[in-house]
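Have a look at the structure below, then the notes.
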Amino acid sequence: MNIFRLTGDLAHLLAIIILLLKIWKTRSCAGISGKSQILFAIVYTTRYLDLVTTYVSAYNTLMKIFFLGSSFATVYLIYVKFKATYDHNHDTFRIEFLILPAVILALLINHAFTPLEILWTFSIYLESVAILPQLFMVSKTGEAESITSHYLFALGSYRGLYILNWIYRYAMESHYDLIAIVAGIVQTVLYCDFFYLYITKVLKGKKLQLPA
Amino acid sequence: KGARRKKDEL
């Protein structure tokens, strides 16, 4: 474990808590893409299958349980509890166009052709594009509540910090995983446009308005 | 390569 990966995991944890609090406190999931949250639930389910077979550390196990539980809780809040506030009209990204390519790519490019490894690889590829429905929704509505933009900033930062972790691990342990690194770079790049808007607008107290 | 090692990252 290193400081980059620890702060990355904490940023990830913070993002999930911000989102859960926003939905629970406002009793509304307006502006939140349910489709992205479904993709995240798929990502954690396919990535953490080794939860019961492999013990890495208490930290590792606890975080996996939290990510799994919170992602399903978020999907439940959006599609069941606060269904009336779910914005169907703006959450229209076709997630099958993200899932299928991730499946195909995972079958073609992986470290080992075993079920667990293929599913892990699929989850890595899917996570890199899982935020697209949310970013698409923000662009369609043309704006985002500031709490949603804080969520996106924390979520985008987590994989950015992981990139620093991978550089650190390559330098210190000469350990690297190209699949995770390439997907992590793609994932972080997708947030760049949003990061620019967040830093130039939201941090100045303005509302996040995308150019129409 | 790295992938052979136990996956210790989230």
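Throughout, protein chains are lettered first and strands after them, A, B, ... in sequence-line order, and every chain is numbered starting at 1. Model, not experiment: these values are computed from the prediction.
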Quiz prompt | chain B contact via A:Tyr48 - which portion, at a heavy-atom distance below 4.5 Å | solution = side chain
Practice problem: Could you please spell out the steps behind the side-chain hydrogen bond (donor to acceptor under 3.5 Å, both in side chains) verdict for A:Asn60 and B:Glu9? | Solution: CA-CA 8 Å; A:Asn60 189 273; B:Glu9 295 183 350; over 6 Å; no
Quiz item: What's the spacing between A:Thr54 OG1 and B:Asp8 CG if we round to 0.5 Å?
Solution: 11.5 Å
Practice problem: Below 4.5 Å from any heavy atom of chain B, which atoms of A:Tyr170 appear? Answer side chain, backbone, both or neither. | Solution: neither
Practice problem: To the nearest 0.5 Å, tell me how far B:Leu10 CG sits from A:Phe66 CZ. | Solution: 12.0 Å
Quiz item: Can you list every pair that meets salt bridge (charged side-chain N to carboxylate O under 4.0 Å, His left out) and has a residue in residues 46-66 of chain A, with sequence neighbours left out?
Solution: A:Arg47-A:Glu127, A:Asp50-A:Lys64
Quiz item: What residues of residues 179-196 of chain A sit under 4.5 Å from chain B when only non-hydrogen atoms are counted?
Solution: none
Exercise. Please list all pairs passing the salt bridge (charged side-chain N to carboxylate O under 4.0 Å, His left out) test where one or both residues lie in residues 9-32 of chain A, with sequence neighbours left out.
Key: A:Lys22-A:Glu145
Quiz prompt | Within 6.0 Å of OH in A:Tyr79, more than 12 heavy atoms from elsewhere | solution = yes
Quiz item: Which pairs, with at least one residue in residues 70-79 of chain A and sequence neighbours excluded, count as a salt bridge (charged side-chain N to carboxylate O under 4.0 Å, His left out)?
Solution: none
Quiz item: Hey, which of A:His12, A:Arg5, A:Met63 has the most heavy atom pairs under 4.5 Å with chain B?
Solution: A:Arg5
